Every structure is written in C-alpha cells, then in structure tokens.
Amino acid sequence: MLCEEEYDPVTGQLLGAGCDDHAAAVTSTAAELHRAGIGHRLGFRTEVGHRLAGGFVQRADLVVRAPEAGVPVLLEVDRRSEDAHVLVAKLRRYWQWGRLLPKDAAKRIVDLVRSRPDAIDQLVDHDKRLWCRVYPPTGREGLVPVAFVFADTTEAKVANTVQVLEQPDRCYWMPRRYDTPYPKAVTVRDYRQRVSGQCCSSRRTVFT
C-alpha cells in the first residue's frame, strides 16, 4: 500500500501519514517517467517543501531531474480533486519562491529589493536568488520548470482546467515585453522571470 506524508501548510511540521489514491498517482507518475527514460530511480523525490517568505510551505508532489538538461522539474499531480483555482495559487507560490533571496544575501542587494519593487526582476540575477542554491541553474531563461500532471481524467476536463490556468496566470508563465523606447521594433519577449510550465494528461501533452 502506498502512503503519503501530510504536513502543516504553515510550519511544515509532519502531521502524519495516510494512504490514498493521490499517493498512488504520484508514484505511478514517477514510474511512467522512468519507463519513458526521464529521470533515474534515485532522481525522484516526493513532497519536497519550498518555504515562502510568510512561512507557508508549498510542497511539490514530485521532483524529477531531467537527465538531458541536468535540471529539476517540479510536478503537481492532480486526480481532478483540486479546483483549477487551487492550481493557479500553487503556480503563483512557485513564482514567488523563485523570487526569494537567500538568508545570507548581500545587504546591498537586500536594501535594493526593499527600496525598489521592480529590483528583483530588473536588477537581481538568478544566481543571487535562493532557488539557484536549492537546484542547479537551468542554463535557460526563467525559473525552475513546473508541470501539472492530470491523472484519471478526460482530455476535455484537462482542457477546461488549462483555460483557467491560462487567464489569471499569464504573469507567472507568459513572457513579457522588454522595457524599451522602441516597442514596435523589439518583438522578442522576456522569459527571464517566467515559470516554465506544462500541463499533461496521462496520455498526451495538451499545453506548453
């Protein structure tokens, strides 16, 4: 029987362990990825906590390393037991976590971020942030990739959920225009603050 540990969402303290279908879906997802050649047996971790500034702990159901890129992917496995707006909130928290500074960040950088709301986006490189100490740099623009995996559901339900995710979350995983005096001439987009996102059903990818 497969069991899943339950944690306090604020303190991160272990509350206990329960056996349910969600834990089985997470384990099954890891097995399917491994059979597909994605990740190795020691490259999977479950219930990985990411503590936000206010103390809330966002736990990824599964973290897998992509061997071809050498980077992690955070997976949220949903058996359609969570409302789409709950998934929106999760994506927002991962984006917020990707903007945090480490506790020993230089005072100059801390003061800069406190004095300018746009400093974390415009002036603080990713290698100065907390997430690059927890996970290896991706070598790509943007934050740690996040994927939503939908199990035991229909493609129509997945499509409906994706529609909800696309609208309010555009600022979290959609690129932005560069701040330039020539907006019509510069057509490339800024992906540096983007959460690389993907939504998948158990049968095929439906959104990237």
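Only a predicted model underlies this, so the values are computations on that prediction, with no experimental measurement involved.
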Residues that Asp118 engages under side chain to side chain contact (heavy atoms under 4.5 Å, CB included), provided they are two or more places apart | Arg116, Gln122

Do the numbers put Arg51 on top of the ring of Phe56, so that NZ or CZ is under 6.0 Å from the six-membered ring centre and no more than 45° off the axis?
-> no

Going from NZ on Lys90 to CD on Gln58, what distance comes out if it is rounded to the nearest 0.5 angstrom?
-> 6.0 Å

Would you say Val73 and Val146 make side-chain contact, with heavy atoms under 4.5 Å?
-> no

Would you give the length of the straight line joining atom NE2 of His50 to atom CG of Leu130, rounded to the nearest 0.5 angstrom?
-> 9.5 Å

Verdict with supporting geometry, Val149 and Asp78, side-chain contact (heavy atoms from CB on, under 4.5 Å) = CA-CA 6 Å; Val149 178; Asp78 179 32; over 6 Å; no

Tell me, with the steps shown, if Ile109 and Lys128 meet side-chain contact (heavy atoms from CB on, under 4.5 Å).
-> CA-CA 9 Å; Ile109 297 178; Lys128 300 294 191 300; 4.1 Å; yes

Check Gly49 against Val57 and note the closest heavy-atom contact, atom names and distance.
-> CA-CG1, 3.8 Å

Cluster check Val113, Leu123: I/L/V/M/F/W/Y, side chain < 4.5 angstrom | no

Working for side-chain contact (heavy atoms from CB on, under 4.5 Å), residues Leu101 and Ile120 | CA-CA 9 Å; Leu101 296 175; Ile120 193 70; 4.0 Å; yes

Can you say whether the rings of Trp97 and Tyr135 are parallel (under 30°), tilted (30 to 60°) or perpendicular (over 60°)?
-> perpendicular

Verify the cluster assignment for Val86 and Phe148: are they in a single hydrophobic cluster under the rule of side-chain heavy atoms below 4.5 Å apart?
-> no

Between CG of Asp61 and CG of Leu75, what distance do you get to the nearest 0.5 Å?
-> 8.5 Å

Give the cluster check for Val158 versus Val164: same hydrophobic cluster or not, with ILVMFWY residues linked at side-chain heavy-atom distances below 4.5 Å.
-> yes

Would a distance-only check, ignoring hydrogens and angles, find a side-chain to backbone donor-acceptor pair under 3.5 Å from Arg129 to Pro102?
-> no

Starting from the C-alpha separation in whole Å, work towards a yes-or-no answer on side-chain contact (heavy atoms from CB on, under 4.5 Å) for Glu76 and Leu62.
-> CA-CA 7 Å; Glu76 289 291 336; Leu62 184 67; over 6 Å; no

Asp104 bridged to Arg133 by N-O distance under 4.0 Å | yes

How many angstroms lie between atom CZ of Arg114 and atom NZ of Lys107, to the nearest 0.5 angstrom?
-> 8.5 Å

Quick one: which of Leu52, Leu74, Leu143 gives a side-chain contact (heavy atoms from CB on, under 4.5 Å) with Tyr94?
-> Leu74

Kindly compute the distance separating CH2 (Trp131) from CG (Leu100), expressed to the nearest 0.5 Å.
-> 13.0 Å

